[in-house]
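As the structure is a computational prediction, the values presented were derived from the model and not from experiment. Counting starts at 1 for both ligands and their atoms, in listed order.
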Amino acid sequence: MYQLNYRSISREGLELKDLNDILDEAIAFNASKNISGCLIYHNDNFVQILEGEKKDVLDVYERVKKDKRHHSVTLLWETAVQKRHFAEWNMAYYNPNEKNMKQFVTNFLLLSSLSDRNSGALLSFWASVRKILNDGSKSPETHGVVSTI
Ligand SMILES: Cc1cc2nc3c(=O)[nH]c(=O)nc-3n(C[C@H](O)[C@H](O)[C@H](O)COP(=O)(O)O)c2cc1C
């Protein structure tokens, strides 16, 4: 089992429709390759962790890097792991609005603090999640999307 995580910045003017398209593509493809993980989008930042067979994870990452809907894709960590950490998450998609954004951030930060962190990739993933969520309220157009894929 292999885990990889990266962060990136969304292209200017990315809309909810683009995010939905990304999620549809990701869910369909990843399911076919038995890849699990989590994708977070907040304040123009993406952070994603992917886990599965090494060649499948690297293959997805190569495709994702070429995607024009984001840029500055930076690999944070890649490592072999004993087991999946996101497989037990049911498919979750949450798109908070302005009213519940604060609660969303609080809940997710709590989740990140409770999460199992026995791999470097997980540690670095949750550290990035906390960083982008703590950076909140910079832009009036705040969207947060969490999806386990
Ligand atoms: C932030 C981000 C995350 C993505 N995550 C995935 C993913 O996990 N799995 C996937 O198949 N595609 C993902 N995509 C979409 C791929 O980049 C790509 O558009 C899609 O796989 C179709 O590739 P193709 O046009 O080469 O067939 C993601 C795109 C972005 C911008």
Side-chain angles (χ1 to χ4, degrees), residues 1-97 101 104-105 107-109 111-112 115-149:
M1 192 62 40
Y2 204 69
Q3 264 180 353
L4 178 152
N5 77 312
Y6 69 85
R7 60 182 302 170
S8 65
I9 300 169
S10 61
R11 76 156 168 73
E12 228 168 278
L14 197 83
E15 292 174 0
L16 202 54
K17 163 154 191 341
D18 299 308
L19 287 170
N20 284 323
D21 291 347
I22 290 170
L23 286 172
D24 286 348
E25 291 162 17
I27 290 161
F29 185 82
N30 295 6
S32 76
K33 297 279 177 179
N34 207 8
I35 290 174
S36 45
C38 185
L39 173 68
I40 310 279
Y41 176 66
H42 189 64
N43 277 341
D44 303 334
N45 289 277
F46 285 110
V47 55
Q48 185 174 30
I49 185 163
L50 296 163
E51 57 187 19
E53 288 303 315
K54 181 173 180 179
K55 68 167 175 28
D56 296 329
V57 169
L58 294 177
D59 174 47
V60 171
Y61 183 56
E62 283 311 309
R63 292 151 54 111
V64 166
K65 272 199 292 191
K66 292 185 205 133
D67 200 308
K68 295 278 183 287
R69 291 168 291 192
H70 65 168
H71 61 89
S72 311
V73 180
T74 309
L75 179 66
L76 296 171
W77 207 285
E78 55 182 323
T79 187
V81 286
Q82 297 291 331
K83 62 173 179 94
R84 283 179 197 271
H85 288 86
F86 292 89
E88 67 276 17
W89 285 35
N90 290 318
M91 168 59 202
Y93 172 86
Y94 186 57
N95 180 31
N97 57 35
M101 175 53 86
F104 160 76
V105 169
N107 289 349
F108 217 76
L109 290 176
L111 180 60
S112 86
S115 154
D116 182 359
R117 298 180 202 179
N118 56 11
S119 91
L122 272 179
L123 265 171
S124 116
F125 172 71
W126 287 116
S128 302
V129 169
R130 278 196 305 283
K131 189 167 184 307
I132 68 173
L133 293 182
N134 279 327
D135 228 15
S137 68
K138 253 188 353 203
S139 117
E141 269 295 296
T142 331
H143 290 305
V145 171
V146 180
S147 167
T148 68
I149 48 175

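Taking every heavy atom of Phe29 and a limit of under 4.0 angstrom, the matching atoms of ligand 1 come to 11 (O). For ligand 1 and Val60, the ligand atoms under 4.0 Å from any heavy atom of the residue are 7 (C), 8 (O), 9 (N). Listed by atom number, the atoms of ligand 1 under 4.0 Å from Tyr6 heavy atoms are 1 (C), 2 (C), 3 (C).
Closest to atom 4 (C) of ligand 1 by heavy atom, among Asp59, Leu50, Asp18, Val64, is Val64.
Considering backbone and side-chain N/O of Arg63, one or more are found under 3.5 Å from N/O of ligand 1. The shortest N or O to N or O distance between His70 and ligand 1 is not below 3.5 Å. Ligand 1 has a nitrogen or oxygen under 3.5 angstrom from a nitrogen or oxygen of Glu25.
A donor-acceptor distance shorter than 3.5 angstrom exists from the side chain of Glu51 to the backbone of His85, with no hydrogens or angles considered. Looking only at distances, no side-chain donor or acceptor of Thr79 sits under 3.5 Å from a matching main-chain atom of Trp77.
At least one side-chain heavy atom of Leu58 sits less than 4.5 Å from a side-chain heavy atom of Tyr2. The closest side-chain heavy-atom distance from Phe29 to Arg63 is below 4.5 Å.
At a heavy-atom cutoff of 4.0 Å, ligand 1 is contacted by the side chain of Gln48 but not by its backbone. Only the side chain of Arg69 comes within 4.0 Å of ligand 1, judged by heavy-atom distances.
Residue contacts with ligand 1: Tyr61 is excluded, as none of its non-hydrogen atoms falls under 4.0 Å.
With sequence neighbours excluded, the residues satisfying side chain to side chain donor-acceptor pair (under 3.5 Å) with Lys17 are Asp21. When the side chain to side chain donor-acceptor pair (under 3.5 Å) test is applied to Arg69, the partners found at least two apart in sequence or on another chain are Glu25, Asp67.
In this pair, Tyr61 and Tyr6 present their aromatic rings tilted. The plane angle is within the 30 to 60° band.
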